[in-house]
Amino acid sequence: MRLSRFFLPILKENPKEAEIVSHRLMLRAGMIRQEAAGIYAWLPLGFRVLKKIEQIVREEQDRSGAIEVLMPTLQLADLWRESGRYDAYGPEMLRIADRHKRELLYGPTNEEMITEIFRAYVKSYKNLPLNLYHIQWKFRDEQRPRFGVMRGREFLMKDAYSFDLNEAAARVAYNKMFVAYLRTFARMGLKAIPMRAETGPIGGDLSHEFIVLAETGESGVFINRDVLDLPVPGEDVDYESDLTPIIKQWTSVYAATEDVHDAARFEQEVPVDKRVNTRGIEVGQIFYFGTKYSEPMKALVAGPDGVDVPIHGGSYGVGVSRLLGAIIEACHDDAGIKWPEAVAPFRVSILNLKQGDAAVDAACEKLYAELTAKGVDVLYDDTDQRAGAKFAAADLIGIPWQIMIGPKGLADGKVEIKRRSDGARETMSPADAVARLVG
RNA sequence: CGGAGCGUGGCGCAGCCCGGUUAGCGCACUAGUCUGGGAGACUAGGGGUCGGAGGUUCAAAUCCUCUCGCUCCGACCA
């Protein structure tokens, strides 16, 4: 992509409404545009990152055996009356009427709808286990949206729903999601720690929140430092095997949000030098809720003995749009964003340091063509700004690799590459740069 | 939902208390010149009617009323 042909409205100054760094950087880097309180338009740079994150979430859900569907954003109120949540949910739910005065709502979550779909088709234990997920926009009319996409009213969420014959089977499903989440967040360059959590309005008796440590987070957390060094299961993890050893390893080290924090246990179990009390951003939550929805909504399957029983369910959410903010909170410096490669909007940026200089232009074009031909996502800064402005913009938008091409280096046949994450620079020939940055 | 505050060119702000020339500054934008390795300089330009409605007044960005939107602190949530 040529920057001169791209749409990247960078702001030089800090927008006054943005208090926390991720919100500020997303606005300055031209990633999002606020349209209303807690409602954002995704501009090209932000949209690219959103898609990358979404894809990682999708791949790990698929790997774990979950199956993707897509449910609508609007739901019938009557469906929610079946579960009793239409009245229970309160003003956070956006209620709408259509032209026939039929009551609708913009879905804040999808337990009811997925249960309705499930019960329409599945009648036998032989079709279990089943885990269906979708990645869809949600709306929760927060009393106080803030922090940009971290606490928006409209947000993109991956929500999965598992269906099993009994509690033991449901816990197997729960464990699969637990492991999938460990992998999902690790792939994005995050350390997300599973913490025992309250179950909230969705209900149930087993739940973990996955929390990224950050000073600006909304949740207070208490952890044993050791949890930061636990190994994340690899790509080859066998989801059909018994995953309980992994779960045990992760849940036996103390980690809890302040809501469920047990000070006595914390002090008893965790040595003083390993106690950490900090804040974090919740990026995912998993629940086992048993028959909470299947009983009132009559989602029954016949067991081996021919008797109909309500299925045991769980739900598993990942805040996809929130993750943008969480990643930036974790990966930035004074100059701007430092995208982990897995979610970066582009892998490489080429900075033409003297636009209009025939030799420099030619070298840039050649490198741009070669990298593009080899499948590397490149943003080529071919604007006629001065070098300093290009450096600043490149650092701000945080593309992992910068290739700087100017008359000085080119006189020796060299270009400079800079790694955004640590600022490391190297000078090399264009051919070596290509070899270095492919793959 | 309690408390505080803000809406003035695309962005950041001044002006408002103490109404009174053509509403000002920085950035951005347009044209040009000189430049060219960390947000370059100069010259010349364009763009706002002050969130909206109503009122007071000879006169309103400025005072009053209502209204809409947004932000921050707190209690609540992927």
Side-chain angles (χ1 to χ4, degrees), chain A residues 9-20 23-24 27-28 30 33-39 57 89-93 107-111 135-160 181 192 197-202 207 209-212 218-219 257 259 281-287 315-326 334-336 351-357 360 381 383-396 402-411 414-416 418 423 425 427:
Chain A
I10 284 176
L11 305 178
K12 228 164 152 177
E13 292 176 87
N14 282 323
K16 65 174 175 182
E17 73 269 20
E19 274 301 302
I20 64 166
H23 189 197
R24 204 156 56 224
L27 290 167
R28 287 197 51 212
R33 163 96 188 158
Q34 180 169 338
E35 292 298 335
I39 299 177
V57 171
Y89 216 93
E92 253 193 25
M93 185 151 74
T109 179
N110 284 64
E111 280 84 1
I135 299 173
Q136 176 63 291
W137 292 92
K138 305 292 190 292
F139 194 92
R140 294 185 190 172
D141 201 355
E142 296 279 348
Q143 298 170 35
R144 191 184 161 206
R146 64 184 126 173
F147 302 149
V149 300
M150 297 252 271
R151 180 75 174 275
R153 291 193 291 172
E154 187 186 50
F155 57 96
L156 188 61
M157 180 165 110
K158 184 287 298 181
D159 38 326
Y181 278 27
E198 281 187 339
T199 51
I202 294 182
S207 176
E209 290 181 351
F210 285 73
I211 292 183
V212 175
E218 293 194 82
S219 323
T257 62
D259 300 335
I281 301 162
E282 183 188 341
V283 290
Q285 184 160 16
I286 57 180
F287 299 95
S315 70
Y316 315 89
V318 171
V320 175
S321 47
R322 171 180 283 187
L323 274 164
L324 283 264
D334 290 344
L351 309 190
N352 183 331
L353 301 184
K354 190 171 181 182
Q355 201 71 38
D357 179 294
V360 176
D381 190 342
T383 62
D384 61 2
Q385 292 189 93
R386 295 169 61 89
K390 292 190 180 187
F391 293 139
D395 285 349
L396 174 64
Q402 299 171 9
I403 307 179
M404 290 167 278
I405 305 182
K408 289 181 185 169
L410 214 51
K414 304 286 190 189
V415 301
E416 186 177 28
K418 172 179 151 183
R425 295 156 183 272
T427 300

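Chain letters run A, B, ... following the sequence lines, proteins first and then strands; every chain starts at 1. No hydrogens, no waters, no symmetry mates; every other heavy atom, side chains included, goes into these values. Please read all numbers here as calculations on a predicted model, not as lab measurements.
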Who passes ring-ring contact (aromatic ring centres under 6.0 Å, His included) against Phe391(A), sequence neighbours left out? none
Residues which pass ring-ring contact (aromatic ring centres under 6.0 Å, His included) with Tyr181(A), listed by chain and number, not counting sequence neighbours: Phe185(A), Phe210(A)
Under a 3.5 Å limit for both distances, which nucleotide forms a Watson-Crick or G-U wobble pair with [N], could you say?
{"N": "C77(B)", "value": "none"}
{"N": "C63(B)", "value": "G55(B)"}
{"N": "C27(B)", "value": "G10(B)"}

Check this for me: does the side-chain of Arg153(A) come within 3.5 Å of the base of C77(B) through a donor and an acceptor? no
Gap between atoms CZ and P, on Arg33(A) and C11(B) respectively (whole Å): 6 Å
Send over the distance from Asp334(A) CG to A39(B) C1', rounded to a whole Å. 15 Å
Ignoring the backbone of [X], work out which of [options] is nearest its side chain.
{"X": "Arg425(A)", "options": "C77(B), A39(B), G38(B)", "value": "G38(B)"}
{"X": "Glu13(A)", "options": "A78(B), G37(B), C27(B)", "value": "C27(B)"}
{"X": "Ala387(A)", "options": "A39(B), G37(B), G38(B)", "value": "G37(B)"}
{"X": "Arg322(A)", "options": "C76(B), G38(B), A78(B)", "value": "A78(B)"}
{"X": "Met404(A)", "options": "U71(B), G37(B), C76(B)", "value": "G37(B)"}
{"X": "Gln285(A)", "options": "U71(B), A78(B), G37(B)", "value": "A78(B)"}

Could you measure between the two [atom1] atoms, the one in [N] and the one in [M], and give it in whole Å?
{"N": "C73(B)", "M": "U22(B)", "atom1": "P", "answer": "43 Å"}
{"N": "U8(B)", "M": "C70(B)", "atom1": "P", "answer": "14 Å"}
{"N": "G36(B)", "M": "A78(B)", "atom1": "C1'", "answer": "49 Å"}
{"N": "U21(B)", "M": "A60(B)", "atom1": "P", "answer": "11 Å"}
{"N": "C18(B)", "M": "U65(B)", "atom1": "P", "answer": "15 Å"}
{"N": "G51(B)", "M": "U43(B)", "atom1": "P", "answer": "32 Å"}
{"N": "G19(B)", "M": "C29(B)", "atom1": "C1'", "answer": "34 Å"}
{"N": "C11(B)", "M": "G47(B)", "atom1": "C1'", "answer": "14 Å"}

Does Gln385(A) place a side-chain N or O at less than 4.0 Å from the phosphate oxygens OP1/OP2 of G36(B)? no
Holding to side chain to side chain donor-acceptor pair (under 3.5 Å), I want the full list of residues that pass it with [X], two or more places apart in sequence or in another chain.
{"X": "Lys414(A)", "value": "none"}
{"X": "Asp381(A)", "value": "Thr383(A)"}
{"X": "Asp141(A)", "value": "Arg153(A)"}

When we call it a touch if two heavy atoms are under 4.0 Å apart, what does Leu353(A) touch: a base, just sugar-phosphate, or nothing? base
Atom pairs, protein N/O to nucleotides 1-8 of chain B N/O, distance under 3.5 Å:
unit_1, atom_1, unit_2, atom_2, d
C6(B), O2', Lys16(A), NZ, 3.4

Contacts of Arg425(A) meeting salt bridge (Lys or Arg N to Asp or Glu O under 4.0 Å) (sequence neighbours excluded), chain-then-number -> Glu416(A)
Glu154(A): what forms a salt bridge (Lys or Arg N to Asp or Glu O under 4.0 Å) with it, not counting sequence neighbours? none
Tell me if a side-chain donor or acceptor on Glu142(A) pairs with a main-chain N or O of Arg144(A) at a distance below 3.5 Å. no
Output yes when a side-chain donor or acceptor of Lys12(A) lies under 3.5 Å from a complementary backbone atom of Ile10(A), and no otherwise. no
If you restrict it to nitrogen or oxygen atoms, what contacts under 3.5 Å exist between nucleotides 40-43 of chain B and the protein, and what is each distance?
unit_1, atom_1, unit_2, atom_2, d
G40(B), N9, Arg386(A), NE, 3.3

Just wondering, do Phe155(A) and A78(B) stack (centres under 5.5 Å, planes under 30°)? yes
Distance check, rounded to the nearest 0.5 Å: His23(A) atom NE2 versus Ile20(A) atom CD1? 8.0 Å
